K.L.:
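Sharing a structure with you now.
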Protein chains: 2
Amino acid sequence: MINSSLLLKEYNLKVTPQRVAIVEELYKHGHMNIDELYKKLLEKFPSISLATIYKNVNAMVEKIFLNEVKIPETKSVYELAKEAHSHLVCSSCGKIEDIKIDTSVLNDSIKEKSSFQIENVDIVFSGICTSCQNKSK
Amino acid sequence: MINSSLLLKEYNLKVTPQRVAIVEELYKHGHMNIDELYKKLLEKFPSISLATIYKNVNAMVEKIFLNEVKIPETKSVYELAKEAHSHLVCSSCGKIEDIKIDTSVLNDSIKEKSSFQIENVDIVFSGICTSCQNKSK
DNA sequence: ATGAGTGCAAAGTATTTGCAACTGG
DNA sequence: CCAGTTGCAAATACTTTGCACTCAT
């Protein structure tokens with residue numbers, strides 16, 4: 001499990017039940033878009049407002065402990081910040097997985113061809129996940 | 001230069017001056033967001049509607065000859081489809097450059113770790129472009 | 001107690017749609 | 001000629017803001 005309260009405190013955000021729930025749902029599901037978060041939180045807080053979700057997600061993104069992941073052809077999803085990693089997206093079912101790969105080769109390759117000073121790399125792989133591969137058989 | 005009419009015809013889109021202008025602006029500028037396109041086209045077509053831009057860009061994206069590029073922290077931009085390539089984005093001035101790098105290493109690396117069947121990779125490097133590096137000196 | 005957070009309603013933006021008039025092939 | 005395209009206005013969708021009330025510290 002995750003210590004959401006501690007995490008929130010570390011980032012100078014007051015610990016409210018709504019915020020704790022956001023962190024925990026993200027921890028549990030890995031990646032969620034605004035709407036999924038909203039629907040999930042509605043279960044616990046029947047009167048929660050979409051505005052609350054937006055305000056909190058934005059606040060957490062600013063504090064850099066949430067991360068917005070932009071994915072081709074879909075809405076952005078949010079994830080708890082963690083070690084740098086790339087994403088695998090199933091173009092059939094939409095499932096998103098994290099994957100750690102070594103990207104240093106890429107940076108080297110850039111260094112040769114461009115004088116951009118690289119600070120960060122975002123990589124999204126699209127493809128078919130295992131279970132969708134099996135379904136189609 | 002580019003033969004926009006031919007291109008449009010190939011993709012079964014009627015050749016209208018507005019569409020030709022969209023293709024040409026994208027050819028000229030490489031990457032533009034909806035608003036930049038709109039403002040640019042307003043110069044030639046003072047009564048063009050934003051709806052026309054949206055409809056055409058969407059049509060061209062569906063025909064796969066435009067490509068939507070999603071970039072962290074900014075609006076999507078569109079580009080003419082071409083050989084697979086990655087993007088360099090300057091986090092200071094927003095400039096976007098194309099860059100061709102060999103991504104086969106990545107696919108191999110995925111193959112080892114996951115049974116996702118990879119179909120595509122989107123890579124966005126963020127950093128500081130040369131001219132912004134010089135400015136800050 | 002008090003500054004920050006919540007929910008609601010309203011305001012902003014962004015994007016899509018319906019439709020009459022127009023136009024490319 | 002006529003199916004497809006345009007521009008406009010209206011409709012939707014998405015996101016932010018202002019404010020009175022509540023709550024975490």
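Every chain is numbered from 1, with letters handed out A, B, ... down the list of sequences. None of these values were measured; they are calculated from a predicted model. Computed over heavy atoms, backbone and side chain alike; hydrogens, waters and symmetry mates excluded.
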K.L.:
Sub-3.5 Å donor-acceptor pair from the side chain of B:E36 to the main-chain atoms of B:N33, do we have one?
P.N.:
yes
K.L.:
Residues sharing A:L6's hydrophobic cluster, by side-chain heavy-atom contacts under 4.5 Å among ILVMFWY, directly or via others?
P.N.:
none
K.L.:
Below 3.5 Å between N/O atoms, which protein atoms pair up with nucleotides 21-25 of chain C? Just atom names and distances, please.
P.N.:
unit_1 : atom_1 : unit_2 : atom_2 : d
C:dG24 : O3'    : B:V15  : O      : 3.4

K.L.:
Working to the nearest 0.5 angstrom, can you tell me the gap between B:L88 CG and B:I101 CD1?
P.N.:
8.0 Å
K.L.:
Give the residues of residues 23-39 of chain A touching DNA chain D, defined as any heavy atom closer than 4.0 Å, sorted by residue number.
P.N.:
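Contacting residues: none.
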K.L.:
Would one find more than 12 heavy atoms of other residues, nucleotides or ligands at under 6.0 Å from atom CD of A:E73?
P.N.:
no
K.L.:
So, the side chain of B:E119 versus the backbone of A:I128: is there a donor-acceptor pair under 3.5 Å, distance only?
P.N.:
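The answer is no, because no donor-acceptor pair under 3.5 Å joins these two groups.
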K.L.:
Does any pair with a residue in residues 93-125 of chain A pass ring pair (Phe, Tyr, Trp, His ring centres under 6.0 Å), and if so which ones, sequence neighbours excluded?
P.N.:
none
K.L.:
Say you draw a straight line from OG of B:S4 to CD of B:E25; how long is it, rounded to the nearest 0.5 Å?
P.N.:
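Rounded to the nearest 0.5 Å, the OG-CD separation comes to 10.0 Å.
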K.L.:
Please write out which residues are connected to B:I96 in a hydrophobic cluster, directly or through intermediates, given that two of Ile, Leu, Val, Met, Phe, Trp, Tyr count as joined at side-chain heavy-atom separations below 4.5 angstrom.
P.N.:
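Besides B:I96, the hydrophobic cluster comprises B:V69, B:I71, B:V77, B:V89, B:V124, listed by chain and residue number.
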K.L.:
Output the residues of residues 52-71 of chain A in contact with DNA chain D, where contact means a heavy atom of the residue under 4.0 Å from an atom of the strand; sort by number or write none.
P.N.:
A:Y54, A:K55, A:N58
K.L.:
Can you tell me how far C1' of C:dC8 sits from CD1 of A:I48, to the nearest Å?
P.N.:
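To the nearest whole Å, that distance equals 13 Å.
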K.L.:
Hey, where on DNA chain D does chain A first and last touch, going 5' to 3'? Cut-off is any atom under 4.0 Å from a heavy atom.
P.N.:
D:dC14 to D:dT25
K.L.:
Who passes side chain to side chain donor-acceptor pair (under 3.5 Å) against B:Q117, sequence neighbours left out?
P.N.:
none
K.L.:
Is there any salt bridge (Lys or Arg N to Asp or Glu O under 4.0 Å) pair reaching into residues 89-106 of chain B, and which pairs are they, with sequence neighbours excluded?
P.N.:
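For residues 89-106 of chain B: B:K82-B:D98, B:E83-B:K100.
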K.L.:
Please answer whether the main-chain N or O of B:P72 pairs with a side-chain N or O of A:E68 as donor and acceptor at a distance below 3.5 Å.
P.N.:
no
K.L.:
Take B:L50 and A:Q18, find for each the nucleotide of DNA chain C with the closest heavy atom, and name the residue whose nucleotide sits nearer the 5' end.
P.N.:
A:Q18
K.L.:
Estimate the overall bend of the helix from C:dA1-D:dT25 to C:dG25-D:dC1 from the end axes over five pairs each, rounded to 10 degrees.
P.N.:
40°
K.L.:
Measure from NZ on A:K44 to P on C:dT6 and round the result to the nearest Å.
P.N.:
14 Å
K.L.:
With sequence neighbours left out, write down each residue that passes salt bridge (charged side-chain N to carboxylate O under 4.0 Å, His left out) with A:K39, or none if nothing qualifies.
P.N.:
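A:D35.
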K.L.:
Is it true that a side-chain atom of A:K40 and a backbone atom of A:A21 form a donor plus acceptor pair closer than 3.5 Å?
P.N.:
no
K.L.:
Do any side-chain atoms of residues 7-20 of chain B form donor-acceptor pairs under 3.5 angstrom with protein atoms, and if so which ones, sequence neighbours left out?
P.N.:
unit_1 : atom_1 : unit_2 : atom_2 : d
B:T16  : OG1    : B:R19  : N      : 3.2
B:R19  : NE     : B:N56  : OD1    : 2.8
B:R19  : NH1    : B:K14  : O      : 2.9
B:R19  : NH2    : B:N56  : OD1    : 3.3

K.L.:
Counting only heavy atoms not in A:K113, do more than 12 sit closer than 6.0 Å to its NZ atom?
P.N.:
yes
